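Every heavy atom of this structure was used, including side-chain atoms; hydrogens, water molecules and symmetry mates were not. In this text the structure is predicted, and so the values were computed from the model without any measurement.
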Amino acid sequence: MRNKLFFTLVSIFFLQICFANKIEGIASPDGNIYFSVVATGNNATGYKLAYEISYKKKDAIKTSQLGFILKEPSLRLYHFEILSKEVTTVDENWQPVWGEVKTIRNNYNQLVLKLKGQNGILVDLVIRVFNDGVGFRYSFPKQPALNHFIIADELTQFVMTGDHRAFWIPGDYDTNEYAYYTSTLSGVDASGGGFAQEIHAKTFFDKNAVQTPLMMKSKDGLYINIHEAALINYPAMNLVIDKSNFALSSHLVPDAVGNKAYLQAPAATPWRTIIISDKATEILASKLILNLNEPSKIKDVSWVKPQKMVGVWWEMHVGKSSWDYSGGQVGSQQATRVPHGATTANVKKYIDFAAKHDIRGVLVEGWNTGWEDWFGQWKEDVFDFVTPYPDFNVKELQAYAAAKGVKIIMHHETSGSVTNYERWMDTAYRFMNQFGYEAVKTGYVGRIIPRGEHHDGQWMVRHYERVTQKTAERQIMVDMHEPVRPTGLHRTYPNFLACEAARGNEFNAWSVGNPPEHETILAFTRLMGGPMDYTPGIFKIKMNSYNPEKKEQVHTTLAKQLALYVTMFSPLQMAADLPENYEARPDAFQFIKDVAVDWDDSKILEAEPGDYVVISRKAKGSDNWFLGAITDEMARNFTVALSFLDAEKKYVATIYRDADNADWKENPEAYVIEKFLVDSKTALRLKLAPGGGTAVSFMPATSEQVKQFKKYK
Ligand code: NOJ
Ligand code: CA
């Protein structure tokens, strides 16, 4: 009898261990990617479910857990009975309102498993396998067993096959404005994030935690990018690394009382996305995240205008002027005083400059009362978003801008006091409609109010969506600073032009800045979720030109600043430097004037995270192409076949390159501009300085120009 019991126990144990058997699976349309649903254990009513992914027949993701722990009702949701399954295929094309390409193919095989878990709770596991990766989500249908519920933890894992190289920033509930670290997964130590003094509101929680989009590369050259798509009404996901087996486990941002998410069936989580390729260029070309977002909810999009902007802005960041009327640089507590930036006269200068160079937007920060008392105090009532300082004349500037065909861009810094902003939002957007503002830049510097909430928690995720919806209703475009990192929602809300949600160029003005590799990593991380308001185009690279005591500098060459307009896609691009710095270099500024912000086509020519990115793009509705090439701290050469050009045409290529002796640190502003005749058979040689770049415009040549310019050799 005892023996029999022993035997039974051993065999149950054995079954549990060996029970990683495949139950279901689905392949990508080209067959390269295979998603398996596996059981890692069983009980009387079903299986403990997990998944695995293979790429070209090799493991890409090892057995990884699925499921949830619910707080109310209090139960575990990872043992499931499979009730039914449904397989479908989609292959369609759609056109984004604006974007990197004119037409996007959405082609996947979908498997939906209808599951029944503890207490009879129904969950659908929805899996879409594309040629470039996988998206899966949990969906809770309307059901008697579950109505309103609270998620204590999501158990989703992504188990890697080895100690991959990772490009990561520390896990955090409040900020993504870190510089990137590069290490193996086992080498991750996020406690360093705590020392990033230049970031005001940050919340460290685990030294093994990192944020998404997380870019990884395996030892045998497989690129894996983990992120999420359609983050709506749910907290953002961080990943905690178990260094013993390289399992990355979901860690959702909690709310003020420690819960993760409050949902009511029917409800669905965001998609968990895994983009996979053996070519880095294909990671950058992926449209998987956009494909997993819903089509545009805005019917009439005629008022959504991709555009460039200048701003009464960089002059505050370099310390020339102040947001604050009384001249304190980050609030009145400071001793040094500088002039107020947003004066009627100064704004007119920027409007003149924008009008002269055909730039649509003029951002004006520091126009409204509150800046004297905004910073770092966790104070609730700071700004009202409608009361200008006495030296900023709203009506006069409205008329002046309108006469010049320019639009002033509104600025709403909330200082993290979101309860206050929520109270003022309607009034503030009405004010914008009344005074001719068509776009707003919002900002969330500081700790969030309601106190205890975080920038990346469910409450704030809902707030950002509310801002996007309310602005859309009023035909206002939006650019958010310090929001949660994007997940492709700009497909659904094309008025959501851009956001910051990473370490922007501004850090170069007043902190240790962004190392030369920064923008090559951003492409593979932050930009996977959507356009960034990075604010490129800085020509005065060293801050000691504003103040001899300053040691800060932009960590690129000037030519690389130009290349960023192509390598970092955004339908809202700032010409961020001061007008006088552009007027001093009209030849280089010409590229910023010419470059497009919306595209018919994009070719990722060369790319390696942390090293380099070379992209060419065809301007929307035009025959002009633009190319951007950027490198990290290493000098690099590329030979680029111009086969993307129209074979029937000759083009004038205007090459904006680093001078031969340029270097981001020693000689960053040295550049050369050359013009040649090229065609689709030309092989263009690019020579990038350390921390440098090259920008090229290709415009169809007139017969005059064919005679005028030398053929490229
Ligand atoms: C931080 C934003 O990123 C920056 O662009 C803005 O100027 C300041 N906050 C003030 O709102
Ligand atoms: Ca910021």
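- Between the side chains of Tyr178 and Asp172, at least one donor N or O lies within less than 3.5 Å of an accepting N or O.
- For the 3.5 Å distance criterion, the side chains of Asn514 and Arg503 qualify, holding a donor opposite an acceptor.
- Using a 4.5 Å heavy-atom cutoff, the side chains of Tyr582 and Phe353 are in contact.
- Counting only residues at least two apart or in different chains, salt bridge (Lys or Arg N to Asp or Glu O under 4.0 Å) contacts with residues 552-569 comprise Glu519-Lys560.
- Using a 4.0 Å cut-off between charged side-chain N and carboxylate O, Asp456 and Arg485 make no salt bridge.
- A donor-acceptor pair shorter than 3.5 Å cannot be found between the side chains of Glu198 and Ser511.
- A salt bridge links Lys441 and Glu365; the closest N-O separation between the charged side-chain nitrogens and carboxylate oxygens is under 4.0 Å.
- Using a 4.5 Å cut-off on side-chain heavy atoms (C-beta onward), Trp314 and Ile538 make contact.
- With hydrogens and angles left out, the side-chain atoms of Thr520 and Asp632 include no donor and acceptor closer than 3.5 Å.
- A donor-acceptor pair shorter than 3.5 Å can be found between the side chains of Lys675 and Thr654.
- Counting only heavy atoms from C-beta outward, the side chains of Gln590 and Asp587 never approach each other to under 4.5 Å.
- If you check the side chains of Thr694 and Arg657, you find no donor sitting under 3.5 Å from an acceptor.
- Tyr534 and Ser570 form no side-chain donor-acceptor contact under 3.5 Å, judged by distance and modelled atom types alone.
- Between Phe507 and His555, the distance separating the two ring centers is not shorter than 6.0 angstrom.
- Checked by atom type, the side-chain pair His251/Tyr173 shows a donor-acceptor distance below 3.5 Å.
- Residues Ile53 and Ile274 form a side-chain contact, since some pair of their non-hydrogen atoms from C-beta on lies under 4.5 Å apart.
- Side-chain contact between Leu677 and Tyr712 is absent, with no heavy-atom pair separated by less than 4.5 Å.
- The pair Arg585-Glu669 counts as a salt bridge, with a side-chain nitrogen and a carboxylate oxygen less than 4.0 angstrom apart.
- The closest side-chain heavy-atom distance from Lys287 to Phe130 is not below 4.5 Å.
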**Request:** Show your working on salt bridge (Lys or Arg N to Asp or Glu O under 4.0 Å) between Lys243 and Asp163 and close with a plain yes or no.
**Result:** CA-CA 8 Å; Lys243 291 174 180 168; Asp163 197 6; over 6 Å; no

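- With a 4.5 Å cut-off on side-chain heavy atoms, Phe569 and Arg617 count as touching.
- Using a 3.5 Å distance cut-off with no hydrogens or angles, the side chains of Asn505 and Thr535 do not pair a donor with an acceptor.
- In this model, a donor atom of one side chain and an acceptor atom of the other lie less than 3.5 Å apart for Glu315 and Ser321.
- Partner of Leu627 under the side chain to side chain contact (heavy atoms under 4.5 Å, CB included) criterion, chosen from Leu605, Val566, Ile655: Leu605.
- Side-chain contact check for Ile615 versus Lys603: every heavy-atom pair is 4.5 Å or farther apart.
- Judged purely by distance below 3.5 Å, without hydrogens or angles, the side chains of Thr557 and Asp658 pair a donor atom with an acceptor atom.
- Side-chain atoms of Tyr55 and Asp278 include a donor-acceptor pair closer than 3.5 Å.
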